[in-house]
Amino acid sequence: MNRLLIIALALLLTACHSHDPHETEHGHGHDAETAADEPEKGPHRGRMLREGDFALEVAIFESGVPPEFHLYATQAGQPVPPEQVEAQIELIRLGDPRDQFTFTPDGDHLKGSGVVKEPHSFEVKVRAEHAGKTYTWAYESFEGRTRIAEKVAQDAGIRAEPAGPGVIRETVSLYGRIEPDADRVRRVVPRFPGPIRSVDVQVGDVVKAGQTLATVESNESLRNYTVTAPMGGVITERHGGPGDIAGDTPLFVIADVSRVWADLAVFPRDRARVRAGQPVSLRDARAGTTGQGTVDYLAPLGRPADQSQLVRVVLDNADGRWVPGSFVEAVVTVGERAKDLVVRNAALQTFRDFTVVFARVGEQYEVRMLELGQADDEHVEVLGGLTPGTEYVTQNSYLIKADVEKSGAAHDH
């Protein structure tokens, strides 16, 4: 994507980005509000909630432990013993999943009943009871979230798909060269020695079976006879011209390159994993040519020079895409493992210290922090942080990241 297009997309996203504070990234401190709207912070860096003389500081504690809620109550500025307060918190996440927390006394504070899962982006409802009175508060604490109008997202090439099961491939990388199929190469030797009277073809010419290649005068009969092509193909070698003497060595070499070999080298550390019939993806990096095949042959003996063994892939080359002599890279799929949940590698981005994808709910997008497992060239296994069936951005996810970062999200505990 060129720079002008990137700039244009950035302007589009800027134009469509909502200035509604509900769509700005916040925190528990994750707040990214203006200085005028900055919520009051307590001595434990939590959010202060007040009603009359009663106050409750809501903090997320995560030093050496998974994130958990800590509540600190005060009355007229004086600490309230935790056992004198009952509290509940409900978190409403994007798409309406809800987390419920109850609290028990723990030293000088009330401790929440579970882990506050990432992302810390939610609507928060707090209920507390103290000295016969009930207090309720509601606020929003968003991070890693943005809104982009559907048409703008489509025009920007932002695409999403549901996360679901998939297959992770185990692969071995090999290198080699394209070679003519030896069974489709003919060396044309004149039947009788004698002077060459004419040559009708050049190297690179395509010939048909039975086509005249040259005329030679026989030393025995002193009569001219024609040398013809035993098969169709390309003239790859020519040894001699008019006036030269034809002998018992090949005058021409013809190769039918409509089928070729990819001769690859596998080294001892990987030899036991490669077997006939396994699928192979091939690429000529210089020409940009790609193709698919299977392992057709493995040599039983190693090469003395480097102890590698020959792995051969037979390739259809009717379209001439593979040029004999070209170097190729190959990836052999030696195993496949079914996984319950995978995402595309192209969807992955970084956010804070996490590897993430961006979930889409309507026109809203939000980070999902991932715990990852095995990976291949296309997909990676997800062990945690994403629910199966969640729509996540698979194309141009970097635009979502840029829009989120533009909003100045913070994650301040």
Side-chain angles (χ1 to χ4, degrees), residues 167-189 202-207 209 229-240 247-337 345 374-379:
V167 171
I168 299 297
R169 299 180 302 130
E170 298 179 47
T171 62
V172 170
S173 295
L174 306 179
Y175 302 88
R177 193 167 70 173
I178 299 296
E179 303 285 359
D181 183 336
D183 295 331
R184 298 185 175 213
V185 176
R186 295 289 185 273
R187 291 165 175 79
V188 183
V189 179
Q202 306 292 330
V203 172
D205 286 353
V206 177
V207 298
M231 59 175 272
V234 178
I235 303 295
T236 60
E237 297 180 33
R238 168 185 149 175
H239 303 285
D248 57 359
T249 58
L251 184 55
F252 303 99
V253 176
I254 301 174
D256 176 4
V257 293
S258 62
R259 188 175 73 180
V260 294
W261 294 342
D263 281 355
L264 312 168
V266 60
F267 291 92
R269 67 177 179 273
D270 292 321
R271 171 62 185 86
R273 304 174 68 196
V274 178
R275 298 182 180 84
Q278 290 173 334
V280 184
S281 298
L282 297 108
R283 180 172 178 263
D284 179 337
R286 291 187 176 181
T289 304
T290 59
Q292 307 292 323
T294 58
V295 174
D296 291 281
Y297 171 75
L298 290 89
L301 302 177
R303 295 163 172 166
D306 57 11
Q307 295 302 303
S308 68
Q309 290 176 261
L310 171 68
V311 175
R312 177 167 292 156
V313 180
V314 178
L315 298 170
D316 180 84
N317 196 38
D319 57 5
R321 71 168 66 184
W322 300 109
V323 179
S326 299
F327 290 97
V328 291
E329 305 166 353
V331 176
V332 183
T333 299
V334 298
E336 292 184 343
R337 296 191 178 185
N345 292 340
Q374 293 182 317
D376 60 21
D377 291 340
E378 295 184 8
H379 295 91

Spacing of [atom1] belonging to [X] relative to [atom2] belonging to [Y], to within rounding of 0.5 Å:
X: Ser258; Y: Asp319; atom1: OG; atom2: CG; result: 10.5 Å
X: Arg286; Y: Glu329; atom1: CZ; atom2: CD; result: 11.0 Å
X: Glu237; Y: Ile254; atom1: CD; atom2: CD1; result: 11.0 Å
X: Glu179; Y: Leu315; atom1: CD; atom2: CG; result: 12.0 Å
X: Leu264; Y: Ile178; atom1: CG; atom2: CD1; result: 8.0 Å
X: Gln202; Y: Ile235; atom1: CD; atom2: CD1; result: 10.0 Å

Any donor-acceptor N or O pair under 3.5 Å, side chains Arg169, Thr333 =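 Short answer, yes.
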What I'd like to find out is whether the side chain of [X] reaches to under 4.5 Å of the side chain of [Y], using heavy atoms alone.
X: Leu282; Y: Trp322; answer: yes
X: Val314; Y: Trp261; answer: yes
X: Gln292; Y: Ser281; answer: yes
X: Val189; Y: Pro250; answer: yes
X: Ser173; Y: Val331; answer: yes

Can you see which heavy atom on [X] is nearest to which on [Y], and at what distance?
X: Ala265; Y: Arg303; result: CB-NH1, 3.6 Å
X: Val257; Y: Val260; result: O-CG1, 3.7 Å
X: Asp284; Y: Ser326; result: OD2-CB, 3.4 Å
X: Arg187; Y: Val253; result: CG-CG2, 3.9 Å
X: Thr236; Y: Ala255; result: CG2-CB, 3.8 Å
X: Val313; Y: Val295; result: CG2-CA, 4.4 Å

Got more than 12 heavy atoms from elsewhere within 6.0 Å of CG, Asp248?
-> no
Main-chain N/O of Asp256 paired with Asp181 side-chain donor or acceptor, under 3.5 Å |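 Judged by distance alone, no pair lies under 3.5 Å.
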Would you say Arg321's side chain and Thr290's backbone share a donor-acceptor pair under 3.5 angstrom?
->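 Yes, the answer is positive, given that a donor and an acceptor are paired below the 3.5 Å cut-off.
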Given Leu174 and Val266, is the side chain to side chain contact (heavy atoms under 4.5 Å, CB included) satisfied, shown in steps?
-> CA-CA 6 Å; Leu174 306 179; Val266 60; 3.9 Å; yes
Can you check side chain to side chain contact (heavy atoms under 4.5 Å, CB included) on Asp263 and Arg312, steps first, answer last?
-> CA-CA 5 Å; Asp263 281 355; Arg312 177 167 292 156; 2.8 Å; yes
Please identify each residue that fulfils side-chain hydrogen bond (donor to acceptor under 3.5 Å, both in side chains) with Arg337, with sequence neighbours left out.
->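 side-chain hydrogen bond (donor to acceptor under 3.5 Å, both in side chains) list for Arg337, sorted by chain: Glu170.
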With a cut-off of 3.5 Å and sequence neighbours excluded, list every side-chain donor-acceptor pair involving residues 270-280.
residue, atom, partner, partner atom, Å
Arg271, NE, Gln309, OE1, 3.3
Arg271, NH1, Val274, O, 3.3
Gln278, OE1, Arg275, N, 2.8
Gln278, NE2, Arg273, O, 3.0

